[in-house]
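Report on the following structure.
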4 protein chains.
Amino acid sequence: MMIKINLQSDVPLYTQLTNQIIEGIASGALARGEALPSVRSLSSDLGINMHTVNKAYSALKQEGYVEIHRQKGVVVQNSLPEADDAYYRQLEEKVRPIISESICHNVSEDALLELCRSIFKQIRSSGKAT
Amino acid sequence: MMIKINLQSDVPLYTQLTNQIIEGIASGALARGEALPSVRSLSSDLGINMHTVNKAYSALKQEGYVEIHRQKGVVVQNSLPEADDAYYRQLEEKVRPIISESICHNVSEDALLELCRSIFKQIRSSGKAT
Amino acid sequence: MMIKINLQSDVPLYTQLTNQIIEGIASGALARGEALPSVRSLSSDLGINMHTVNKAYSALKQEGYVEIHRQKGVVVQNSLPEADDAYYRQLEEKVRPIISESICHNVSEDALLELCRSIFKQIRSSGKAT
Amino acid sequence: MMIKINLQSDVPLYTQLTNQIIEGIASGALARGEALPSVRSLSSDLGINMHTVNKAYSALKQEGYVEIHRQKGVVVQNSLPEADDAYYRQLEEKVRPIISESICHNVSEDALLELCRSIFKQIRSSGKAT
DNA sequence: GTGGTCTAGACCACA
DNA sequence: GTGGTCTAGACCACG
């Protein structure tokens, strides 16, 4: 799986990492039970600090995406967290300002839904490709 | 228009402010040309610092939502910025990680689209209510 | 002489006023010894506060462009201030940051000089027209 | 690069800062990709407040002169913004009142152009010197 | 009265 | 160590 880091972005590096790993899990590029690269190797591959990779992995563990396996290292959880009420609440909180902005920029409801659909399709197909 | 600030949230105060004001504009609760409360009055109403409100207003000005009118204070722009390619790119960048997460949490495409629709409806109706 | 005020501009109203009156004097549209409109009439014409017009006139007097005549009101000075060393120093201070910016924006020396020439021509011809 | 702040000037401190940094970039004294001093070190060097420096840096970022690099701090942009129509319009707006004033002070067109040329030369040579 | 600027000092997120 | 955020309180320019 390819991970790309943008040093100029105002998105924190560890967030970029977690986002892309989560997308990998979503697409199936990273299978359940599969091991992630070691902190050391990933950090040197990306040319970033070990602490940063570590923080990303900790965040993923915290949110239930991965677990620390004694010998295999960091592996993708077999049973991913199911969406509950709290998750939906927090999801709405994230989506709401995006929709507000879109309305102000004259993006129609249909256009936004279509964008979502295309991203869904894109993520699913990227998994098969890998 | 009611504005609520959550001091516990990890979302910066000035971002909470801008988000809610943008939602107000989107819903129509804040009409084009309407004046926003003064920096000082809003800050004392919310019990936060003047500079925090100022930063929110500056950000809104910067993104083209309001203009600083010399006499009337801060007013909503008459012509809001239209979505262009750059906007769509940045929009996709925001939506993509949300969708990845949703997939991992077993939220179906339909469920997410439905959520979007309901938020759209909610924002539109909140404007009429006010 | 037509004066146009832009309420949205971040340039203070009284500065817009003084600038345009100075341009009027430079172009000859306002002759030496000619009277400016009264504070009251100008402010009501432009729909701005009397204080603002007053401040503009005071600034003009302060810089030697006009004098307060007992009966004619505010009139253009017959002998305008001559450029001295202090003026040149202050002139350079204003021009320097403009040139720095221009260089960074890849505006050639010739392009900037040409712009200056065209503005000179424009101001001179606008005087004849009036 | 030497930066001098004039506390007496009516030009805001952060504007003085941005102007001098832009001149540094224009002259080449600050190379593309070069790092600027940290907010804190510069502020303590100049004896001014951290936030003032911060505001200057933010303005420079906003106008495309620098980018905030997560690790290196603030660095000069590699590709500076190119002048477009909007820039020329705003440039003319800045130059016009200066020329009006100059005419009133009996500064000839040639004298002003000569001043511009000498500033151009001065900025270019100051870069080599450093 | 408005926003704009500056100061001083604090805590946190990031790398 | 960096910049980002928030607070508190001051003065000034503007209209």
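Numbers restart at 1 for each chain; the letters A, B, ... are given by sequence-line order, proteins then strands.
Between the B:Glu34 side chain and the B:Ala31 main chain, a donor and an acceptor come within less than 3.5 Å of each other. Between the B:Ser41 side chain and the B:Pro37 main chain, no donor and acceptor come within less than 3.5 Å of each other. Under a 3.5 Å cut-off, the side chain of B:Thr52 and the backbone N or O of B:Ile48 do not form any donor-acceptor pair. Judged purely by atom type and a 3.5 angstrom limit, D:Glu93 has no side-chain atom pairing as donor or acceptor with the backbone of D:Gln90. A distance-only check finds a donor-acceptor pair linking the side chain of C:Ser100 to the backbone of C:Arg96 [under 3.5 Å].
With DNA chain F read from its 5' end, the first of the two nearest nucleotides for C:Tyr14 and B:Thr15 is the one closest to B:Thr15. Looking at which nucleotide of DNA chain F each of D:Ser38 and C:Val11 is closest to, the 5′-most match is held by D:Ser38. Each of D:Pro12 and B:Lys72 has a nearest nucleotide on DNA chain E; the 5'-most of these lies closest to B:Lys72.
Taking a heavy-atom distance under 4.0 Å as the criterion, the stretch of DNA chain F touched by chain D extends 5' to 3' from F:dT2 to F:dC6.
By the ring pair (Phe, Tyr, Trp, His ring centres under 6.0 Å) test, D:Tyr87 is found to be paired with C:His105, residues two or more places apart in sequence or in another chain being considered. For D:Arg40, the side-chain contact (heavy atoms from CB on, under 4.5 Å) partners two or more places apart in sequence, or in a different chain, are D:Ser38, D:Met50.
In this structure, the CG atom of A:Leu7 is 15 Å from the P atom of E:dC14, given to the nearest Å.
Residues of residues 43-64 of chain C having a heavy atom closer than 4.0 Å to DNA chain F, listed by number: C:Thr52, C:Lys55.
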Base-pairing string, 5' to 3', of DNA chain F - Watson-Crick or wobble, under 3.5 Å, | interstrand: ||||||||||||||.

Test A:Tyr65 against A:Ile21 for side-chain contact (heavy atoms from CB on, under 4.5 Å), laying out the working first. CA-CA 9 Å; A:Tyr65 290 102; A:Ile21 292 172; over 6 Å; no

Could you pull out every donor-acceptor pair under 3.5 Å between side chains of residues 3-11 of chain A and any protein atom, sequence neighbours left out?
from	atom 1	to	atom 2	distance (Å)
A:Asn6	OD1	A:Gln8	N	2.9
A:Asn6	OD1	A:Ser9	N	3.4
A:Gln8	NE2	D:Glu67	OE2	3.3
A:Gln8	NE2	D:His69	NE2	3.2
A:Ser9	OG	A:Val11	N	2.8

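With respect to B:Lys94 and A:Glu101, a salt bridge is recorded, a charged nitrogen being found less than 4.0 Å from a carboxylate O.
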